[in-house]
Amino acid sequence: MVTIRDYIDKCDFVINTLLDEQEKVIYKNENEIIRLNTSQFESGNGNDDNSLKHNSPIFKGVYSLSTQLANPKKVAGSLYDFYDTGSFLSGLQIEVDGSLTRFSIFSTGTGAGDKKLFFDNYRNLFGLNKENTRKLNLEILQPELMNYIKRYLWYFKRQNTTIASKH
């Protein structure tokens, strides 16, 4: 016979392991989360729901006429597309912080020198905007965490259909 204490202990276990499970879910869905971020900046939107903005007098955030003359695929006035070498996009990664409640998106392909300066001057490039944060929370994290919770509590309940209290 299962006691209320047994069920409370199982609930405590789920509560105590939920952040670890959340971390696993984030890494398991890393590619999808990165796709949410790349879809933003490919359409010119930043993580703050404003236009992607480059904060440098050197780089304007759009291709120049001289760039278009050198490479006709890069139309003057259009946003940088980040596909030139591919190292920036292929280097996108997620890192969960020590509290397991936040993560950051970054790229190992930002290079050095002018290339690094270029990426460092985007203040709203990395991270999810409000809509993509909603998608992350409701469409990725919540369903998987609910499955985790149900897996432990529902399984426990199925195994022991009667709950009794100890006197």
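Values in this document were obtained by computation on a predicted structure and should not be read as measured data.
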Worksheet item: Does F118 have K115 sitting over its ring (NZ/CZ under 6.0 Å from centre, angle to axis within 45°)?
Response: no

Discussion item. Donor-acceptor check, side chain of N121 to backbone of L117, threshold 3.5 angstrom: yes or no?
Written reply: yes

Practice prompt. Taking side-chain hydrogen bond (donor to acceptor under 3.5 Å, both in side chains) as the test, write out the residues that go with D120, two or more places apart.
Written response: K116

Practice prompt. Only counting residues at least two apart or in another chain, list the ones meeting side-chain hydrogen bond (donor to acceptor under 3.5 Å, both in side chains) with Q142.
Written response: none

From [X] [atom1] over to [Y] [atom2], what is the distance, rounded to the nearest 0.5 angstrom?
| X | Y | atom1 | atom2 | answer |
| --- | --- | --- | --- | --- |
| S87 | L92 | OG | CG | 10.0 Å |
| F13 | L18 | CZ | CG | 10.5 Å |
| R134 | N129 | CZ | CG | 10.5 Å |
| I149 | K10 | CD1 | NZ | 13.5 Å |
| N29 | I34 | CG | CD1 | 11.0 Å |
| L141 | M146 | CG | CE | 13.0 Å |

Worksheet item: Partners of F41 by ring-ring contact (aromatic ring centres under 6.0 Å, His included), sequence neighbours excluded?
Response: F82, F88

Is [Y] close to [X] at the side-chain level, that is, under 4.5 Å between some pair of heavy atoms?
| X | Y | value |
| --- | --- | --- |
| D49 | N45 | no |
| N132 | N37 | no |
| L136 | F103 | yes |
| D97 | S104 | no |
| K53 | N55 | yes |

Practice prompt. Show your working on side chain to side chain contact (heavy atoms under 4.5 Å, CB included) between L100 and I26 and close with a plain yes or no.
Written response: CA-CA 10 Å; L100 307 179; I26 289 169; over 6 Å; no

Worksheet item: Of the non-hydrogen atoms in L36 and K135, which two are nearest, and what is the gap between them?
Response: CD2-CD, 4.0 Å

Practice prompt. Check S66 against S64 and note the closest heavy-atom contact, atom names and distance.
Written response: OG-OG, 3.0 Å

Worksheet item: Going by side-chain heavy atoms closer than 4.5 Å, which hydrophobic residues are tied to L69, directly or by a chain of links?
Response: L65

Fill in: Any pair counted as side-chain hydrogen bond (donor to acceptor under 3.5 Å, both in side chains), so long as it reaches residues 15-27, sequence neighbours left out
T17-Y148

Worksheet, complete the sentence: Sorted by chain and number, sequence neighbours left out, side chain to side chain contact (heavy atoms under 4.5 Å, CB included) with N47 holds for Q40, N124

Discussion item. Between R5 and D9, does the salt bridge (Lys or Arg N to Asp or Glu O under 4.0 Å) criterion hold? Intermediate values first, please.
Written reply: CA-CA 6 Å; R5 174 83 266 158; D9 289 345; 3.1 Å; yes

Discussion item. Are V14 and L19 connected into the same hydrophobic cluster when the rule is that any two of I, L, V, M, F, W, Y join if their side-chain heavy atoms are below 4.5 Å apart?
Written reply: yes

Worksheet item: Does one hydrophobic cluster hold both F106 and L125, with members joined at side-chain heavy-atom distances below 4.5 Å?
Response: no

